[in-house]
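Let me begin by presenting the structure, written as structure tokens, before commenting on it.
Residues take their numbers from the sequence shown, with the count starting at 1. Below, each value reflects all heavy atoms present in this structure, side chains not excepted, and no hydrogens, waters or symmetry copies.
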Amino acid sequence: TEEDVYRALGFAMMPPEMREDRGEIELAKKNRIPKLVALKDIRGDMQTHSQWSDGNGSILEIAHYVRIHYPQYDYITITDHSKFMRVAGGIDEKKFLRQMHEIREVNRKLGVDFVKAGAEVDILADGRLDLNDELLEQLDWVTASIHSGFNHDNTERIIRACEHPFVHCIGHPTGRLIGTREGYEVDIEKVISTAADTGTALEINAQPERMDLDEKWAKAAKEKGVKLVISTDSHQLANFSFMKLGVFIARRAWCTADDLLN
């Protein structure tokens, strides 16, 4: 068997995802191959969208579906779009407050604090956020993302978002859409360094057309001590199955469960 061959050579078994000649052979010789994250380790989904913006399901429908199909999850986070994203039905501060009330009601019906209140807030052209601090401070989770200005260098926009006290995570940091557009110009190494300094997480967005961060930059972030989050960015119930794609990326980035907030 394959295991026998490695054992005969005196090597620890290397997961296939690590076999890219990036130092894994040396680790195998020293029996220091990490235990890579597995799908069973995931405890929640940190970016999901509901009918409040551009998702297809109600919050209660989403919660019921996830609890049935992903029984290992302890929580999901609803992160609907902020008002700048009119094309995606983005909502303003007043609607977010009403949504938070609905989330509390859903959790009451479930009998458990399963749904967390969040937002995917737009990073505006000057680096400001699309929701006021009073609202952001009340949310359980804030992901800041860029959805405009793709023809400019967006490094400073993202850095300013990292430095915001109420931002927990940067969503799909390079902005690529596979087969549609290249990522916007960004000094991702500088973003990773800033995220390390500010304690900001970076997202591995598991949507098939995004897969952003990719394994190269996810590995670089891990090595800098930046925590990562795998999110499905679900807009319909079937999208929750994309979590396995995010886990594949994290495994290729040599991530263990400890490298991922969720």
Glu93/Glu134 under side chain to side chain contact (heavy atoms under 4.5 Å, CB included): CA gap, chis, key distance, verdict: CA-CA 9 Å; Glu93 287 84 352; Glu134 183 181 359; over 6 Å; no
From NE2 (His172) to OG1 (Thr143), nearest 0.5 Å: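 If I round to the nearest 0.5 Å, the distance is 9.0 Å.
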I'd like to know if the side chain of [X] reaches the main chain of [Y], judged simply by a donor and an acceptor atom lying under 3.5 Å from each other, with no hydrogens or angles considered.
| X | Y | value |
| --- | --- | --- |
| Asn132 | Leu135 | yes |
| Lys227 | Asp258 | yes |
| Asp4 | Arg7 | no |
| Asp122 | Ser82 | no |
| His49 | Thr79 | yes |
| Asp233 | Gln47 | no |

Worked verdict on Asp187 versus Thr155 for side chain to side chain donor-acceptor pair (under 3.5 Å): CA-CA 6 Å; Asp187 185 341; Thr155 305; 5.6 Å; no
Ring geometry between Phe240 and Tyr70 (parallel below 30°, tilted from 30 to 60°, perpendicular above 60°):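 Judged by the thresholds at 30° and 60°, the geometry between Tyr70 and Phe240 is tilted.
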Geometric class of the His81/His147 ring pair [parallel <30°, tilted 30-60°, perpendicular >60°]: perpendicular
For a quick check under 3.5 Å, do [X] and [Y] share a side-chain donor-acceptor pair by atom type?
| X | Y | result |
| --- | --- | --- |
| Asp140 | His168 | no |
| Asp197 | Thr194 | no |
| Thr232 | Asp45 | yes |
| Asn205 | Glu203 | yes |
| Asp113 | Asn107 | yes |

Side chain to side chain contact (heavy atoms under 4.5 Å, CB included) assessment of Leu213 paired with Thr174: CA-CA 7 Å; Leu213 292 170; Thr174 74; 4.1 Å; yes
Exceeds 12 heavy-atom contacts within 6.0 angstrom, atom CD of Glu182: no
Criterion side chain to side chain contact (heavy atoms under 4.5 Å, CB included) on Ile91 and Lys83, from CA distance to verdict: CA-CA 4 Å; Ile91 60 178; Lys83 55 187 181 289; over 6 Å; no
Met46 and Lys116: CA distance, side-chain angles, deciding distance, side chain to side chain contact (heavy atoms under 4.5 Å, CB included) verdict: CA-CA 9 Å; Met46 304 300 284; Lys116 307 300 182 184; over 6 Å; no
Contact summary for Asp21 and Glu24, nearest pair of heavy atoms: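 Scanning both residues completely, I find the closest heavy atoms to be N-OE2, 2.6 Å.
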